[in-house]
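Report on one structure; see the data block that follows.
Predicted model, so just to flag it, every value in this text is computed and none were measured. First the proteins, then the strands, lettered A, B, ... as listed; each starts at 1.
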Amino acid sequence: MSKDVIGSVMVIGGGIAGMRSAIDLADAGYYVYLVEKKPSIGGVMSQLDKTFPTNDCAM
Amino acid sequence: MLTLSEVKQVTGDAGNFEVNLIQHPRYIDESKCIACGMCAEKCPKKVVDVYNTGLVNRKAVYVEYAQAVPLKYCIDAENCLYLTKGKCGNCENICPAGAIDYTQKEKSLTLNVGSIVLAPGFKSFDPSKLDFYNYASHKNVVTAAEFERILSASGPTMGHLARISDKKEPKKIAWFQCVGSRDVNKCDNAYCSSVCCMYAIKEAAIAKEHAGDDLDCAIFYMDIRTHGKDFERYYNDAKDKTGVRFINSRVHSVLPIHGSDDLEVRYVDESGKLISEIFDMIVLSTGFETPPEVVELLNDLDVDLTEGNFAKTSAFNPVATSRDGIYICGAIAGPRDIPQSVVDSSAAASDAGEILSSARNSLTTVKEAIPETQVVGDPPKIGVFVCKCGINIAGVVDVEAVRDYAATLPYVEYVCDNLYTCSQDTQDIMADVIKSKNLNRVVVAACTPKTHEPLFQETLLCSGLNKYLFEMANIRNQDSWVHKNNPELATKKAMDLVRMAVSKVALMEPLEEAELEINQEALVIGGGISGLTSSISLAGQGYNVNLVEKSDVLGGQALNIYKTASGEYVQENLSALIKKVESNEKIKVYLKTEIVSTEGFVGNFKSVLSTGGEEKSIEYGVSIVATGASALEPDEYNYKTDERVLTSLELDRKFIDKDPELSKINSAAFIQCVGSREPGRPYCSRVCCTHSIENALELKKLNPEMNIYILYRDIRTFGEREYLYKEARNKGIIFIKYKLDNKPEVVNKDGRLIINIVDHVLRQPVEIEVDLITLATAILPPDNQQLASFYKVSVNDDGFFVEKHAKLGPSEFATDGVFLCGLAHYPKPIEEAIAQGKAAASRAVTLLAKKKINTIGTIAKINPMNCSSCGVCISICPYSAPSYIEEGPFTGKVKINPVLCKGCGLCVASCRSGAINLKGFDNDQIFAQIYALKEAV
């Protein structure tokens, strides 16, 4: 563990998991860099039609 | 947010990493692009659309999907004619915002961060290499991801169910499970991908919803694995109500039928008969794989991987990788569904934040509030800003005419039109105009308030105006877009909409947002493994915790468990966790304590605790419910009459106590689904298959000669637990499948313990004599009703708590400030309970860290003079905001708690006395709008 602790976090991947993690961290008071390889975030979940078991729209 | 970016190198240690990244050029200036789409319209180059799984084409300049964030176009450099051949330039010529920039270059960035969360995701298995499925050669053999796009309203067929080859509506569709999962012969993925059974059932059910009853859907499976919350019900409904066929068979060949686009499927059914069926379409339920570039990245980062190429973790540290300061969530932690990914992502946030808590808020800034101008009593001075939205509005509506018309309306002091009202420079101009012209009400006639109202309200705030002195007229989505062919009427409609907005805004009053202090203490209810974990996470982030446990010891159900699925000893790890809690001065433990009553709301709860009859009141800001569950005490299979019949936890106890009798056993049987997946208790208890197999392997270790039988319905060793199942079969453990309508029978024949069962392979009744039977009993929730009523949350039909959202809010309740973890949510193994304990803490910290919360201004307000005390509003409000006034002149009338009210308006509509108004939507404001409309008709 480094002595000079930096109050920022890098989240690699902008799918549902990365986005949730980034929001939690930002809301908890940390500066977040959300890194995504593609031109937009959203990941696989945005490609889904509905989600089980509630048949909610994934978008 | 860094899009189009890839991590190249990470150096340093936890708390202080240096990360080198490459950012690829977008060739479009994000600050200028207004996503009008004209570039893509004019782009001559067609490219396979990967987002739509290659089913259609897109252009070389594109946006992945309509709701993409950021909603900015991007040029695909590999395919752009200008960037590859120096020809074209259409997009640059057409772009009204001047956003195209072919000169952008790849950038190299270096960033310093305290911790890293990896969420790189997965890729679907590519079935092209399995030639017997004909995926690569036949258009009507698709992957589940492709089928998902076919079903989607935003997909290539706009949600119309049609097969690819000839656009014919299919009448028969087959799903093949475990394509690229649970298979070491044709691919190297021995693990189960965990989600394919459920998504296949969902796709089949939705397909039938689209196509109606004459669509035949058949799912070919090995074991149906519907082990998640409410999944088994979904499966039962698909089978019994929707009429999806489930065929327990692995298809050995698919034959294209010459002269047609149909496919012949040959398989052996459960009775051993060879069957041939013809289908219109075949969907391959492809599994998860870690993409090779991610494997490479993890290797570069020095993060250990499992044999399935997922990041290696331990059950007691489920989101921490082998490298300190690097955490994981999502599919890189093993194949998992969305709720589990969301739980893990909050858990990873909790862990990543915990090690940096000394530097919290050091790099974030808080905006300074600008003092609000007093406008009450002043006559309205309205500014109207009409937006052209490039040509989105101006292409149809005569914007100048609308602007000039607005200037003639009462109280309007200023009008203008803008190319893009939402652009940063227009916002700056708007703020200046508001100040210089002393405007006190603002109307923006543009797009939809859904996406842009917060932006314009922010501009009002920056100009010192209350943000509720604002109204939008939607002259794009509800006008120019829908009346493209009738520009004259569209212009007239825009004028009507502007007039209505002006009449309403003139009556708008500044609204207050109540500010609420959040008590910085937390209450955790339940001292099992998830409650202990939550407490440690909260304390680690600097908050005081009250941990309440009903029994006289900490540890909960984990006290009864021998090993985790990954082979770690539970008792040693649990003792360490308990010690950590007991020695943490920020955690106050209340044993033998129950909650007697609770009142209050987010940020300000108050509960009375009772410890052996002695009562104590505590105040706290957030509550975490971790009340656990317990094992069913069975009344079948001779459990109560024969001491050779044990429950799983009783067998664990013998392992923990190193009972010497265990190694003397010659034969043992495990009976699965005891009390689970039955009509009275229709859920799967999720952990029992893995637990029994684990214990069977432990018995084998004690005595390799022991005969072991596992009697099961479907083996549900999801994810990398599948390796245990494989190991068990390799070690000679015999698996016998039974059906619910033909359960095994346990009899005592002259002192001999006998099981009668029909063997599914031999199709013959067999008699098995054993020395020990272990019953894999269901996990039962306690009676949660009282606690549910304390926090105004609900429990489902099975008795488990209902979370805020099945996918996106698994660790919190719909009631603000109350969170959920562990078995109280649903049966789960230790690693998942720990992850959720951390997740609940993470969600709670996001609230505590704010210290204060602002309520919304548009809330309901009661005039007690008109209230008839009928109580309809109290019964109808989903947030429990209205309550009877208990003292003072209006005793018996109703008041509304502004903190709890979400402004939904249900009470307003339900009030028979007209006593309730919704601020910002007052009757006179709405009527002013309606009267303004009446002028038009």
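No other option in G13(A), A17(A), G18(A) has as many heavy-atom pairs under 4.5 Å with chain B as A17(A). Looking only at heavy-atom pairs under 4.5 Å with chain B, the residue among P53(A), A28(A), G7(A) that has the most is P53(A). Most heavy-atom pairs under 4.5 Å with chain B: of the set A26(A), G42(A), S46(A), this distinction falls to S46(A). No other option in T54(A), V9(A), D27(A), D4(A) has as many heavy-atom pairs under 4.5 Å with chain B as V9(A).
Panel note: side chain Y234(B), backbone N55(A); no donor-acceptor pair is recorded below 3.5 Å. Listed for the K50(A) side chain is no donor-acceptor partner under 3.5 Å among the backbone atoms of E203(B).
In this structure the side chain of I16(A) never reaches within 4.5 angstrom of the side chain of K807(B), judged on heavy atoms. Taking 4.5 Å as the limit, every side-chain heavy atom of T3(B) sits out of range of all side-chain heavy atoms of P39(A). Looking at heavy atoms from C-beta onward, V10(B) lies out of side-chain contact with M10(A) at the 4.5 angstrom threshold.
With a threshold of 4.5 angstrom between heavy atoms, L111(B) approaches chain A through side-chain atoms but not through N, CA, C or O. With a 4.5 angstrom heavy-atom cutoff, L363(B) touches chain A via backbone and side-chain atoms both. Heavy-atom distances place the side chain of V44(A), and not its backbone, under 4.5 Å from chain B.
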Begin with the C-alpha distance, continue with both residues' side-chain angles, and end with the deciding distance and a verdict on side chain to side chain donor-acceptor pair (under 3.5 Å) for Y65(B) and S40(A).
CA-CA 9 Å; Y65(B) 55 106; S40(A) 45; 5.1 Å; no
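Residue L356(B) holds its CG atom at 7.5 Å from OG of S8(A), rounded to the nearest 0.5 Å.
When the side-chain contact (heavy atoms from CB on, under 4.5 Å) test is applied to V69(B), the partners found at least two apart in sequence or on another chain are I41(A), M1(B). In this structure Y33(A) satisfies the ring-ring contact (aromatic ring centres under 6.0 Å, His included) test together with Y31(A), sequence neighbours excluded.
With Q47(A) as reference, R149(B) is the one residue of R149(B), E148(B), E64(B) to meet the side-chain contact (heavy atoms from CB on, under 4.5 Å) rule. Of the listed residues (L25(A), I12(A), D24(A)), just one forms a side-chain contact (heavy atoms from CB on, under 4.5 Å) with V117(B), and that residue is L25(A). Between L808(B) and the options R20(A), M19(A), M45(A), a side-chain contact (heavy atoms from CB on, under 4.5 Å) holds for only M45(A).
A pairwise comparison of heavy atoms in Y199(B) and F52(A) identifies N-CE2, 3.6 Å as the closest pair. Scanning both residues, Q541(B) and Y30(A), for their nearest heavy atoms gives OE1-OH, 3.5 Å.
Crowding of K123(B) atom NZ: a count of heavy atoms from other residues, nucleotides or ligands under 6.0 Å exceeding 12.
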